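Comments concern the structure below.
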Amino acid sequence: MIRGTGPGIRSRNRVCGVEEIKARRRQQERALRKARKEKQLVSKRLPRGLQGDGEEMEIRETSVTQEEVLQLYQRIQHGSDDRLAALRSLHQVLQLKEAQQMFVRFENSIRVLIGLFTSNLASVQLKAAQCLLELSHSDDPSISLVCLPATPYLLTYLSGQSAKFTELCLYILGNLAAENEAVRNQLLLQGVIQALAICLQSPHGAVVEAAAYSLSQMLQAKEAGEKIIPSAVLEANLTPHLIRLLDLDSEFGMQTAVECAWCLHYIVSRKPQEGRLIKTVCCLSCSGVNCECMISQNLIRQAVILLIALGKAIESGITTDGVELLIYPVARCLGNLIVSNGPARSKVQPHASDVLRALSTFTSRFLQSRPFVTRECLWLLNNLTAGDEQFCSAIFHLNLVPVFLQLIPFSGGINTLVLMLLGNIAEMGPEYCEKLQQQTDIFPALCTTLRTADPEVVRLTLEVLNLILSHCQQACVSFANQSGISALEAIQYNSNEEIRVRANYLMDRYFTHKAPRCLEMGKFLNLSISFPFWLILDF
Amino acid sequence: MELPPALSSSSSSPPFTFSSRRIFLPKEDEFFEDGDIYRHLYLRDAITSVGEVERPKVSEFCCHIAGCSQLFDTLENYEHHYNTFHRNVCSSCKRSFPSSHLLDIHILEWHDSLFQILAAKQNMYICLVESCTEKFKASSDRKKHLVKVHGYPSDFRFDKPKKPKRNQKNQDRSPHDMDVETSNCQKETNSLFCQIAAESVEPVETMEAESPPVSEQENPSTLVQQRPSYSYRVPATICFGHGSVRGFKNPRKKK
């Protein structure tokens, strides 16, 4: 089971080379992928800003002795001035895993710490909370779960006044929620969702971000779809707050929006429950259809506005680092929302051009750095254009076909989706096929994809060709003039049956005068004597 | 993400199944893996400015001639391979030649039964150099000519005298000489041709789902029975069924 801790660099006096960092990152990535496949992907967060409270963090040794930890433990038990200093030192020491292990094994140590956490001295409370945060962040459950007895307090303090303290409590809760289902059940029973809903309305940005983070840890759980989303989230009326926060102009900044976007993605992208269509944001207590439409439409509207704004920002060169972190969860929400919901789609149509422009900006911009962003945006484009004349014609108005054709060389799902996009457009009918075949690069692109190794890509290309050729006479000529026939010929005897059948059909139907089907001609070749006729002519 | 399964259709209707559709992806879908990983790296503070960018994968190209199935990373490499190995191919022995001129000569001298008869009476061995009109009585004469007049090496690969008895697995059958840095195409092709010759060359279209792997399939017993009874150079537009490496050729220039 893979759990999250921050990067391995804990001690300040060790300098890591760039290569080492990269190698570690690659290893981490591999471990994460494996964990995701096993559905055990858990990560925790320890925001840098919360670690210090304005004072300099000491550079310390990379190890500590049991004796030292014991001393600190003893010092914090006494109600003297020394206690705060000892707590400070303990907080630093607890960044080390071995110190954590030592500390939790001392008798009563956690009770003491939680006691300090509930102290009426603010500074002591704050320091104790920071210690708990370090413990909760551990990837070892035997350490992090010791914080469980603190949860009733954590939840109580959420409605307190101190922003920094609330923020700490929220991150501790979020890290604990990531642990396992039992913890989440306990938190649910203690009213975590309602408490988080209140925090989402706080005027402090850091608190809102922390609340959204904690909520995302609850919502991404395996069981969230059945147990958490229907009952708790919707009853607590959380979604309108999350939607409201998807706003670039909000005072809370992009990172908050990112957390909210992930929460909404987990809500919207819930696996369909047994034959029911997605009524993902249906509020149980509201009157059915009205409520669902309203919430969906609000979210769609907000998502569309956000994507358009981000697109414009990137186009005009105002970029912040990590803007893609916001783009793709929002794209995911929108992509899934417009699948089943008819009225929802009509919400997007007025903004068709702007959305398309933004999405094409994203696909080009992130291709060479984060290709998954390109891929996810292409999926959204497919959902927007499928069966939708408005979007398909907007693509031509904005001259976006060349932009998408530039993505053709790339595999990993990218060219597959581009071909589906072309198919969506071609399916619209003769006018659209006519325009498509007029695009200079279309047939070279399709000839390229016909030759790729991926049978799915080849098959899709044939499908697109079929649509274009069947609707547009001129296309046959253009295709032939651009070496299309030899590309088709080369796959007529492909080992994959689906490809073979389609390629042969196209050859037969549109290009028979150039290349007769060989089976009929075969019988003419069984000559017992062959005489090379050309030989006579030449000599 | 899966596309919808093909609908069954009668043989008379077009076999195409595409229809546009909106695709719902649940949060656990594999399609979202990369994005999820990136999200988790962010949570763990592991995205630094030092961090690498991820390059998109580029499509590979595949030679679709059944039995070949080689992969190439650029279109140019693929087309080079195709033009070299699949264009000028002798339908009888499957040797491939760099030019149609050499292919024609090969067919004439190796596979034409009338050639030997005519060669007894007149000079039939034409010079390998296209622009040279000399003809010779024997291949050894031609070879001397090539060496002396045209400066060819004495071991020029496309001037092998025909062996009286053809051994299909003969090492000598290296049909190709590329430039000095031979790609592994050649090695592949050698083993490929050894295998192909052993297969049936009847124009029967088999409907196997998989193309035969290059290294398997030795079937010497079928060889004897199914030697083609013709040795016509295969016209440009003809190709054979499963198992053929015959590609498509440019129309032969008239002399």
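Chain identifiers are assigned alphabetically (A, B, ...) following the order of the sequence lines, protein sequences preceding nucleic acid strands; residue numbering begins at 1 within each chain. In this text the structure is predicted, and so the values were computed from the model without any measurement.
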Open item on the list: Counting only heavy atoms not in Lys137(B) (residues, nucleotides, ligands), do more than 12 fall under 6.0 Å from its NZ?
Closed with: yes
Task: Atom pair OH/CZ of Tyr328(A) and Arg39(B) - distance to nearest 0.5 Å - done: 7.5 Å
Task: Residues in side chain to side chain donor-acceptor pair (under 3.5 Å) contact with Tyr78(B), at least two apart in sequence or another chain - done: none
TODO: Indicate yes or no: at least one non-hydrogen side-chain atom of Tyr38(B) is less than 4.5 angstrom from one of Glu324(A).
DONE: yes
- [ ] Identify the residue among Val464(A), Leu465(A), Asn466(A), Val501(A) that makes a side-chain contact (heavy atoms from CB on, under 4.5 Å) with Phe16(B).
- [x] Asn466(A)
Open item on the list: Quick check on the interface: out of Asn382(A), Ile408(A), Ile414(A), Thr385(A), who has the most heavy-atom pairs with chain B under 4.5 Å?
Closed with: Asn382(A)
- [ ] Identify which part of Phe366(A) has an atom lying under 4.5 Å from any heavy atom of chain B, answering side chain, backbone, both or neither.
- [x] neither
Task: Pairwise side-chain contact, Leu43(B) with Lys44(A), heavy-atom cut-off 4.5 Å (strictly under) - done: no
Task: His40(B) side, atom NE2; Ser43(A) side, atom OG - distance, nearest 0.5 Å - done: 4.5 Å
Open item on the list: Assess whether a salt bridge exists between Glu54(B) and Arg370(A), defined as any Lys/Arg side-chain N lying under 4.0 Å from an Asp/Glu carboxylate O.
Closed with: no
- [ ] Answer yes when Asp45(B) and Arg45(A) have at least one side-chain N-carboxylate O distance shorter than 4.0 Å, and no when they do not.
- [x] no
Task: Ile499(A) versus chain B, the contacting section by heavy-atom distance below 4.5 Å - done: neither
Open item on the list: My understanding is that only residues two or more places apart in sequence, or in another chain, count here; which of them pass side chain to side chain donor-acceptor pair (under 3.5 Å) with Arg509(A)?
Closed with: Tyr505(A)
Task: Any side-chain donor near an acceptor of the partner, Thr17(B) and Glu463(A), under 3.5 Å - done: yes
Open item on the list: What I'd like to find out is whether the side chain of Pro56(B) reaches to under 4.5 Å of the side chain of Gln368(A), using heavy atoms alone.
Closed with: yes
Open item on the list: Rounded to the nearest 0.5 Å, what separates atom SG in Cys63(B) from atom CG in Asn494(A)?
Closed with: 10.0 Å
TODO: For the residue pair Met420(A) and Ile23(B), establish whether any side-chain heavy-atom pair is separated by less than 4.5 Å.
DONE: yes
Open item on the list: Please identify, among Gln220(A), Arg375(A), Lys39(A), the residue contributing the most non-hydrogen atom pairs under 4.5 Å to chain B.
Closed with: Arg375(A)
TODO: Using only heavy-atom distances, determine whether the side chains of Gln255(A) and Tyr42(B) contain a donor-acceptor pair under 3.5 Å.
DONE: yes
TODO: Under the side-chain contact (heavy atoms from CB on, under 4.5 Å) rule, what do Phe24(B) and Ile338(A) come out as? Steps first, then yes or no, please.
DONE: CA-CA 9 Å; Phe24(B) 180 86; Ile338(A) 60 176; over 6 Å; no
TODO: State the CD1-SG distance between Ile491(A) and Cys62(B), to the nearest 0.5 angstrom.
DONE: 11.0 Å
Open item on the list: Report which part of Glu79(B) has an atom under 4.5 Å of a heavy atom belonging to chain A: side chain, backbone, both, or neither.
Closed with: side chain
- [ ] Using non-hydrogen atoms and a 4.5 Å limit, figure out which bit of Ile37(B) sits close to chain A: side chain, backbone, both or neither.
- [x] both
Task: Leu419(A) and Phe18(B), any side-chain heavy atoms less than 4.5 Å apart - done: no
Open item on the list: Can you confirm whether Glu60(B) sits close enough to Ser411(A) that some side-chain heavy atom of one is under 4.5 Å from a side-chain heavy atom of the other?
Closed with: no
Open item on the list: Rounded at 0.5 Å granularity, tell me how far OG1 in Thr452(A) sits from CZ in Phe61(B).
Closed with: 7.0 Å
TODO: Give the member of Asp388(A), Leu384(A), Val258(A), Leu367(A) that has the highest number of heavy-atom pairs under 4.5 Å with chain B.
DONE: Leu367(A)
- [ ] Assess the pair Trp379(A) and Phe32(B): is the distance between their ring centroids shorter than 6.0 Å?
- [x] yes
- [ ] Decide, yes or no, whether a salt bridge links Asp139(A) with Arg44(B) under the criterion of side-chain N to carboxylate O below 4.0 Å.
- [x] no
Open item on the list: Assess whether a salt bridge exists between Lys37(A) and Glu30(B), defined as any Lys/Arg side-chain N lying under 4.0 Å from an Asp/Glu carboxylate O.
Closed with: no
TODO: Can you measure from CZ (Arg451(A)) to CG (Leu75(B)) and round to the nearest 0.5 angstrom?
DONE: 5.5 Å
- [ ] Against chain B, label Asn424(A) side chain, backbone, both or neither, depending on which of its atoms sit under 4.5 Å from a heavy atom there.
- [x] both
Open item on the list: Out of Arg33(A), Arg332(A), Glu376(A), return the one with the most heavy atom pairs under 4.5 angstrom to chain B.
Closed with: Arg332(A)
Task: Heavy-atom proximity to chain B below 4.5 Å, by part of Ser216(A) - done: side chain
- [ ] Decide whether Asp454(A) and Ser59(B) meet the rule of one side-chain donor and one side-chain acceptor closer than 3.5 Å.
- [x] no
